[in-house]
S.K.: 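Take a look at this one; I'll ask things after.
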Amino acid sequence: MDVKKRAKIITDWINKYCDSSSYKPKALVVGISGGIDSSVVSTLCANTGRKTIVLTMPIKQIKSQHNLSLTHAKWLKQKFKNVEHHLLEMDKIFTSFSQVLNNFDNEHGYANSRARLRMATLYQVAAANNGIVVGTGNKVEDFGVGFYTKYGDGGVDISPIADCNKTEIWEIGKELGILKEIIEAAPTDGLWDDGRTDEGQLGLKYQELEEAMENPNSPNRAKYETIRKQNLHKMEPIPVCKIPN
């Protein structure tokens, strides 16, 4: 599909959702990290003409990642009059959280807690503006390998790019004029003090994951299936105990 058409379809879909929703949201709230996914989503939201609130929420963030987030926010505000940006420093919140839970120390737990603290922040800002939280997850993450935090960045109201793979999002980013340094930056979830990348955590590049997701005979299929199986609990409905009549 033509990349310009794909971007328009997503923008129109966001507008249609807002117009048809019983909630009638007055704002679109997006957390931006300096990565390509959140940069594309925030730009598509701004393209709707609706009030778009973008939040930068650093928690012990790597400086280069944080700077990309701020640079993108500045670019958005210059390009769109309907964009509002807030920098919310969350180091103190996370430090207090960690101290209270000192007896339950776990590296991966704390990484996921950063995403959940950001999710709670997004919903507070959305509530204060009669808005909705717009997700930034792509197809590979959301429906392929489940590379997101349950009730963290997976906790959203709508997911406009969840039917686009990473390659398609990079293409949309170029079409939208997203900053070159963001497009070329190594994808990362921004949840680790050492700045580890998505590829480093997954062991595969996004192009390899996309190919394995679509092709059962891919040489990377077994690794893809292993990662998917580990995270399948995020993608399946919550188990409910059914009481017989």
Side-chain angles (χ1 to χ4, degrees), residues 1-7 9-10 30-44 61-62 64-66 68-69 72 107-108 111-112 114-115 118 134-156 159-236:
M1 180 185 292
D2 176 72
V3 64
K4 186 176 293 187
K5 182 179 179 181
R6 187 183 296 275
I9 286 173
I10 297 171
V30 189
I32 57 172
S33 63
I36 186 63
D37 293 339
S38 64
S39 296
V40 164
V41 170
S42 56
T43 306
L44 291 170
Q61 203 81 10
I62 297 295
S64 59
Q65 296 172 4
H66 181 48
L68 282 179
S69 174
H72 176 66
E107 184 185 33
H108 284 271
N112 285 322
R114 296 186 190 198
R118 288 175 179 142
V134 183
T136 61
N138 61 64
K139 187 175 184 177
V140 180
E141 294 170 344
D142 284 8
F143 300 112
V145 291
F147 190 63
Y148 59 89
T149 297
K150 198 173 186 178
Y151 306 121
D153 48 330
V156 300
S159 294
I161 63 168
D163 196 35
C164 301
N165 61 38
K166 196 78 169 185
T167 299
E168 290 165 340
I169 293 165
W170 275 312
E171 291 172 352
I172 294 173
K174 292 175 184 176
E175 172 65 27
L176 295 173
I178 300 296
L179 299 171
K180 184 180 179 182
E181 52 262 48
I182 291 177
I183 292 173
E184 294 180 348
T188 175
D189 56 18
L191 300 180
W192 305 90
D193 293 349
D194 56 15
R196 65 190 69 176
T197 64
D198 293 355
E199 181 184 345
Q201 294 183 70
L202 293 166
L204 292 172
K205 296 178 180 179
Y206 273 101
Q207 292 90 338
E208 294 172 325
L209 286 168
E210 290 172 19
E211 196 271 339
M213 188 175 175
E214 300 296 332
N215 180 12
N217 298 315
S218 166
N220 294 310
R221 183 73 178 195
K223 189 162 191 176
Y224 163 81
E225 291 286 2
T226 298
I227 301 170
R228 177 178 171 80
K229 186 177 181 180
Q230 291 172 344
N231 292 321
L232 202 56
H233 66 96
K234 304 177 190 178
M235 298 176 272
E236 293 180 335

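Numbering of residues begins at 1 and proceeds along the displayed sequence. Keep in mind that this is a model prediction, so the values were computed, not measured. In what follows, every heavy atom counts, from backbone to side chain, and hydrogens, waters and symmetry copies are set aside.
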S.K.: Rounded to the nearest 0.5 Å, how far apart are CG of L191 and CZ of R196?
M.R.: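 Going from CG on L191 over to CZ on R196, the span is 9.5 Å.
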S.K.: Restricting to side-chain contact (heavy atoms from CB on, under 4.5 Å), what partner residues turn up for N220, sequence neighbours left out?
M.R.: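 Partners of N220 under the side-chain contact (heavy atoms from CB on, under 4.5 Å) test: L204, E208, A212, S218.
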S.K.: Measuring from Y206:OH to M213:CE, what's the distance to the nearest 0.5 Å?
M.R.: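 The OH atom of Y206 sits 11.5 Å away from the CE atom of M213.
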S.K.: Side chains of N165 and E214 only: does a donor on one sit below 3.5 Å from an acceptor on the other?
M.R.: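 Judged by distance alone, the side chains do not pair up.
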S.K.: Is a side-chain donor or acceptor of S38 paired with a backbone partner of S33 at a separation under 3.5 angstrom?
M.R.: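 Judged by distance alone, yes, a pair lies under 3.5 Å.
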S.K.: Going through the checks in order, is the side-chain contact (heavy atoms from CB on, under 4.5 Å) test met by E168 and I161?
M.R.: CA-CA 9 Å; E168 290 165 340; I161 63 168; over 6 Å; no
S.K.: Do you know the tightest heavy-atom contact between A162 and D142?
M.R.: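 Heavy-atom minimum between the residues: CB-OD2, 3.8 Å.
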S.K.: Under 4.5 Å between any side-chain heavy atoms of H108 and W192, yes or no?
M.R.: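 Side chain of H108 against side chain of W192, heavy atoms only: contact under 4.5 Å found.
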S.K.: Do D153 and R118 have side chains that get closer than 4.5 Å, going by heavy atoms?
M.R.: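 The answer is no, as the side chains (C-beta and beyond) never meet within the 4.5 Å cut-off.
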S.K.: Going from CZ on F147 to CD on Q201, what distance comes out if it is rounded to the nearest 0.5 angstrom?
M.R.: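 Rounded to the nearest 0.5 Å, the CZ-CD separation comes out at 4.0 Å.
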S.K.: Can you name the nearest heavy-atom pair linking S42 to H72, along with the distance?
M.R.: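 Heavy atoms only, the tightest pair is OG-NE2, 2.8 Å.
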S.K.: Quick test of your reading of the model: are K166 and E199 salt-bridged, counting only N-O distances below 4.0 Å?
M.R.: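 Salt bridge between K166 and E199, a charged N being under 4.0 Å from a carboxylate O: no.
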S.K.: Using the side-chain contact (heavy atoms from CB on, under 4.5 Å) criterion, which residues pair with I62? Sequence neighbours excluded.
M.R.: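 Checked I62 against side-chain contact (heavy atoms from CB on, under 4.5 Å); matches are S64, Q65.
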S.K.: So which atom in G144 and which in Y224 form the shortest heavy-atom distance, rounded to 0.1 Å?
M.R.: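 Answer, listing the atom of G144 first, then Y224: CA-OH, 3.5 Å.
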S.K.: Quick one: pull up CD in E141 and CG in L209 and give me the separation to the nearest 0.5 Å.
M.R.: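 Taking CD in E141 and CG in L209, the distance rounds to 9.5 Å.
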S.K.: How long is the gap from OH on Y148 to OG1 on T136, to the nearest 0.5 Å?
M.R.: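 Separation between the atoms: 12.5 Å.
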S.K.: Carefully, step by step, assess N215 and R221 under the rule side-chain contact (heavy atoms from CB on, under 4.5 Å).
M.R.: CA-CA 7 Å; N215 180 12; R221 183 73 178 195; over 6 Å; no
S.K.: Could you give the side-chain donor-acceptor pairs of residues 169-179 under 3.5 Å, partners two or more places apart or in another chain?
M.R.:
residue : atom : partner : partner atom : Å
W170    : NE1  : I183    : O            : 3.3

S.K.: Specify the closest pair of heavy atoms between G135 and P160, including all atoms of both residues, with the distance to one decimal.
M.R.: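 Minimum heavy-atom separation between G135 and P160: O-CD, 3.5 Å.
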S.K.: Just how far is it from atom OG of S69 to atom CD1 of I32, taken to the nearest 0.5 Å?
M.R.: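 Rounded to the nearest 0.5 Å, the OG-CD1 separation comes to 4.0 Å.
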S.K.: Under 4.0 Å between a Lys/Arg side-chain N and an Asp/Glu carboxylate O for R114 and D189?
M.R.: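 Looking at D189 together with R114, the answer is no, because their closest N to O distance does not fall below 4.0 Å.
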S.K.: Please check if the number of heavy atoms outside K150 that lie under 6.0 Å from its NZ is greater than 12.
M.R.: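 Enclosed.
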S.K.: Indicate the atoms forming the closest heavy-atom contact of R6 with C164, along with that distance.
M.R.: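 Smallest interatomic distance, heavy atoms only, reads CD-SG, 4.1 Å.
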S.K.: Would you say D163 has more than 12 foreign heavy atoms packed within less than 6.0 Å of its CG?
M.R.: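 For D163, atom CG is not crowded (no more than 12 foreign heavy atoms under 6.0 Å).
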S.K.: Looking at L68 and E181, what are the two nearest heavy atoms and their distance?
M.R.: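 Looking at all heavy atoms of both residues, the closest pair is CD2-CG, 3.4 Å.
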